[in-house]
Chemist: 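Take this structure first; my questions come after.
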There are 2 protein chains.
Amino acid sequence: MPGSAGAATPATPTVADLGEHGLIARLRARVPPPPAWLAVGIGDDAAVVEPPRNQLEVLTTDVLVEGVHFDRRFSTAADIGHKALAVNLSDLAAMGAEPRSALLSLALPAALAVAEFDALLDGFLALAARHRLALVGGNLAQSPGPLVVDVTAVGAVRRRRALTRAGGRPEDELFLSGRIGGAAAGLARLQALGAALAAGDPEAEETVRRYRRPDPRVRLGLVVARNRAASACVDLSDGLADAVRQLAAASGTGAELDAGEIPVEPGARAWSERQGRDALADAVAGGEDYELLFAVPRRRRRAFLAAARLVKDTTVTRIGRLTPPGAVVLARDGRTAPLPAGFAHFGLGG
Amino acid sequence: MPGSAGAATPATPTVADLGEHGLIARLRARVPPPPAWLAVGIGDDAAVVEPPRNQLEVLTTDVLVEGVHFDRRFSTAADIGHKALAVNLSDLAAMGAEPRSALLSLALPAALAVAEFDALLDGFLALAARHRLALVGGNLAQSPGPLVVDVTAVGAVRRRRALTRAGGRPEDELFLSGRIGGAAAGLARLQALGAALAAGDPEAEETVRRYRRPDPRVRLGLVVARNRAASACVDLSDGLADAVRQLAAASGTGAELDAGEIPVEPGARAWSERQGRDALADAVAGGEDYELLFAVPRRRRRAFLAAARLVKDTTVTRIGRLTPPGAVVLARDGRTAPLPAGFAHFGLGG
């Protein structure tokens with residue numbers, strides 16, 4: 001088994017030193033006791049689960065690739081483990097599903113320190129515990145280059161309650177959770193300032209936190225779906241502009257956003273203005289906010305707002321409406337213009 | 001959006017030229033009509049499925065990483081697509097599960113030709129069709145280096161029918177499907193001879209085919225599980241030596257293999273002998289055969305053989321037995337010796 005490069009120094013143990021069986025043993029030691037519905041867990045050829053009773057299942061997969069989706073100078077291993085699960089939970093949230101289980105597939109550089117492997121798992125498992133999601137299986141392989149973290153998440157949703165992108169109708173109102181632009185501004189700050197980030201500026205720190213540790217809106221998606229309070233939903237993995245386009249295209253509508261209503265993260269606004277840039281355009285185009293965008297029929301507005309109030313730590317804001325089939329536009333200062341292009345990870349999305 | 005390297009030449013279109021939405025459209029055009037149990041398929045935030053009724057679900061994930069699990073000089077894109085699904089189907093087979101759905105997550109080098117992307121999908125989808133498995137979702141991202149193909153497969157198994165590694169008891173007989181050593185010999189041939197492989201030697205060609213296009217023993221696992229004809233099962237992803245150790249460890253037993261009974265692929269034997277090597281040792285240590293190893297209680301031997309006969313294209317061979325807790329040994333010429341070490345992908349497994 002190959003040792004780490006530079007093994008002559010008093011070596012930090014690497015994942016290659018430990019090997020697959022050693023790493024699986026470490027992983028099993030960190031995973032909490034299995035739920036009753038897990039018949040066979042980590043360590044066999046596959047996991048065996050009792051499916052949710054009288055519910056549909058929701059399946060999603062999303063990968064984080066080093067150099068594309070994260071940079072180990074800007075995110076700790078625990079941040080990466082957190083985010084790899086968060087982006088999948090955000091997809092479950094956008095369907096109105098309750099998280100249940102996940103599989104974790106890691107391609108690890110041989111020289112990765114075992115402590116980093118542990119921290120990645122800890123970041124993943126801490127977020128899993130908050131959402132009562134069980135890690136039921138996975139896969140460990142070596143990578144000749146980047147660290148690759150691929151997660152499959154499985155959730156449950158009641159019949160006829162799943163939120164898709166396709167149910168919106170003209171005149172439905174568009175509601176957005178939270179505020180946007182934070183993650184993109186946080187990444188831009190890290191790229192510009194690196195470790196020299198000024199501490200003690202809470203708004204700036206919040207943008208970096210939003211980039212490193214997105215908070216998927218699982219409970220909001222769930223209560224909105226349970227109350228049939230929205231006609232369509234999508235998450236903002238690739239930014240608001242992309243999300244609105246996806247929802248409108250799937251629903252066969254146009255859309256109009258009101259520039260003055262779009263809630264921009266204060267630390268994102270400050271960063272854009274400091275660069276002499278248009279804060280709203282940056283926020284609308286910026287990716288990785290992992291907020292939810294809902295289409296809400298007008299007669300369901302009251303039900304929607306009541307459902308959203310059940311979720312203590314999230315606000316919702318009406319930012320526009322779906323329109324008859326046609327363009328997706330931004331209304332600003334009495335004029336409308338096409339929305340700026342969305343965000344993409346090196347042109348291929350993620 | 002970045003073009004391919006060398007874009008001045010009359011360029012072959014690359015995945016970066018097409019972008020995520022273009023690739024997803026290509027993917028959707030290739031996927032056959034969805035089964036009735038698929039409520040929401042490719043193109044939303046997640047897939048929504050009706051779970052199997054009165055059955056348990058089996059979930060597995062396995063990744064192929066370029067430079068670790070495959071080499072694009074030795075395998076076509078279609079081979080890679082086939083194999084990425086095959087290794088997951090083999091895990092379902094080892095649990096006795098019937099394949100149902102899969103998610104496909106690809107991290108693609110920007111310069112990958114669109115034709116290669118198409119071929120990878122075609123290889124995946126052709127094998128999926130043979131096993132009546134539906135591709136229900138996935139993810140496309142860019143890779144800064146290796147091509148990474150991560151698959152999650154979901155199957156169904158009746159209650160109390162799942163085959164685990166842990167059910168074996170001392171005196172159970174060990175049965176192996178097919179023949180071993182082929183895939184490792186095929187890879188060794190490719191590494192030694194590359195494109196200069198002698199055509200017209202069917203035994204040699206069969207080893208290369210076994211390496212490139214493993215044939216998961218899905219139907220065998222299924223009929224054995226349905227007939228409760230085995231007490232334990234594991235697949236040979238990392239070779240026979242590793243599989244026997246895994247099954248014995250999980251079952252709390254030892255094991256003894258009879259060297260004279262182990263069926264070695266003829267083209268693997270020829271290759272080892274040509275190198276002056278011990279063909280049996282090579283075959284036992286070699287990985288990627290994706291055969292199944294079963295533990296069969298003696299009173300179930302007849303039922304096991306009857307079940308196996310239902311599967312036309314696979315033989316099974318008795319190769320040894322489980323023993324009281326202790327070592328895992330190979331009996332050869334009247335003596336026993338410890339089994340050689342198993343196979344591992346660069347020391348980390350896969």
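Values reported hereafter were calculated over all heavy atoms of this structure, with side chains retained and with hydrogens, waters and symmetry mates removed. Throughout, protein chains are lettered first and strands after them, A, B, ... in sequence-line order, and every chain is numbered starting at 1.
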Chemist: Can you confirm whether A:Thr14 sits close enough to A:Val114 that some side-chain heavy atom of one is under 4.5 Å from a side-chain heavy atom of the other?
Modeler: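 With C-beta onward as the side chain, the pair stays apart.
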Chemist: Using a 4.5 angstrom heavy-atom cutoff, name the option from A:Leu163, A:Ile24, A:Val48, A:Val49 with the most pairs to chain B.
Modeler: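 Top count of heavy-atom pairs under 4.5 Å with chain B: A:Val49.
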Chemist: What part of A:Ala107 gets within 4.5 angstrom of chain B, counting heavy atoms only: side chain, backbone, both, or neither?
Modeler: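 Interface part for A:Ala107: side chain.
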Chemist: Could you go step by step and tell me if B:Asn88 and B:Thr152 meet the side-chain hydrogen bond (donor to acceptor under 3.5 Å, both in side chains) rule?
Modeler: CA-CA 7 Å; B:Asn88 281 278; B:Thr152 294; over 6 Å; no
Chemist: Got A:Leu85 and A:His131 here, is their nearest side-chain heavy-atom distance under 4.5 Å?
Modeler: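 Side chain of A:Leu85 against side chain of A:His131, heavy atoms only: no contact under 4.5 Å found.
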Chemist: Non-hydrogen atoms of chain A under 4.5 Å away: do they reach the side chain of B:Ala162, the backbone, both or neither?
Modeler: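 It is the side chain, since no backbone atom gets that close.
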Chemist: May I ask you to say whether B:Glu50 pairs ionically with B:Arg100, meaning some side-chain N is under 4.0 Å from a carboxylate O?
Modeler: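 Answer for the salt bridge query: no.
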Chemist: Name the member of A:Val148, A:Leu64, A:Val58, A:Asp150 that forms the most heavy-atom pairs with chain B at distances under 4.5 Å.
Modeler: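 The candidate making the most pairs under 4.5 Å is A:Asp150.
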Chemist: Side chain, backbone, both or neither: which part of A:Val40 has an atom under 4.5 Å from a heavy atom of chain B?
Modeler: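 Contact with chain B is through the side chain of A:Val40 alone.
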Chemist: Measure A:Gln55 against the heavy atoms of chain B and call it side chain, backbone, both or neither at under 4.5 Å.
Modeler: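 For A:Gln55, the contact with chain B is made by the backbone alone.
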Chemist: Flag the one option from A:Ala153, A:Gly137, A:Pro146, A:Gly145 with the top tally of heavy-atom pairs under 4.5 Å to chain B.
Modeler: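 With the most close heavy-atom pairs to chain B, the winner is A:Pro146.
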Chemist: Between B:Thr164, B:Asp44, B:Val154, who has the most heavy-atom pairs with chain A when the cutoff is under 4.5 Å?
Modeler: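 Max contact count across the listed options: B:Asp44.
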Chemist: For A:Glu98 and A:Arg226, what are the C-alpha separation, side-chain angles and deciding distance, and is it a salt bridge (Lys or Arg N to Asp or Glu O under 4.0 Å)?
Modeler: CA-CA 10 Å; A:Glu98 183 163 16; A:Arg226 280 191 183 153; 3.4 Å; yes
Chemist: Over all heavy atoms of both residues, which pair between A:Pro144 and B:Val68 is shortest? Give the atoms and the distance, please.
Modeler: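 Looks like CD-CG2, 3.6 Å.
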Chemist: Taking the side chain as everything from C-beta on, heavy atoms only, tell me whether B:Glu57 gets closer than 4.5 Å to A:Glu57.
Modeler: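 Yes, close enough: below the 4.5 Å cut-off.
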Chemist: Pick one of side chain, backbone, both or neither for A:Arg53, based on which atoms fall under 4.5 Å of a heavy atom in chain B.
Modeler: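 When you check distances to chain B, no heavy atom of A:Arg53 falls under 4.5 Å.
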Chemist: Is A:Ser101 in contact with chain B via its backbone, its side chain, both, or neither, using a 4.5 Å heavy-atom distance?
Modeler: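 A:Ser101 touches chain B through side-chain heavy atoms alone.
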Chemist: Quick one: what part of A:Val65 sits under 4.5 Å from any heavy atom of chain B, side chain, backbone, both or neither?
Modeler: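 A:Val65 touches chain B through side-chain heavy atoms alone.
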Chemist: Of all of A:Ala94, A:Ala97, A:Ser105, A:Gly155, which one pairs up most often with chain B through heavy atoms under 4.5 Å apart?
Modeler: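 With the most close heavy-atom pairs to chain B, the winner is A:Ser105.
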Chemist: Taking the side chain as every heavy atom from C-beta outward, state whether B:Leu56 and B:Arg161 have any atom pair closer than 4.5 Å.
Modeler: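 Side chain of B:Leu56 against side chain of B:Arg161, heavy atoms only: no contact under 4.5 Å found.
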Chemist: Select one option (side chain, backbone, both, neither) describing which atoms of B:Glu66 are under 4.5 Å from chain A's heavy atoms.
Modeler: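 Looking at B:Glu66, just its backbone touches chain A.
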Chemist: Working note: A:His21 + B:Gln246, criterion side-chain hydrogen bond (donor to acceptor under 3.5 Å, both in side chains); need CA distance, chi angles, decisive distance, verdict.
Modeler: CA-CA 10 Å; A:His21 296 309; B:Gln246 297 285 342; 3.2 Å; yes
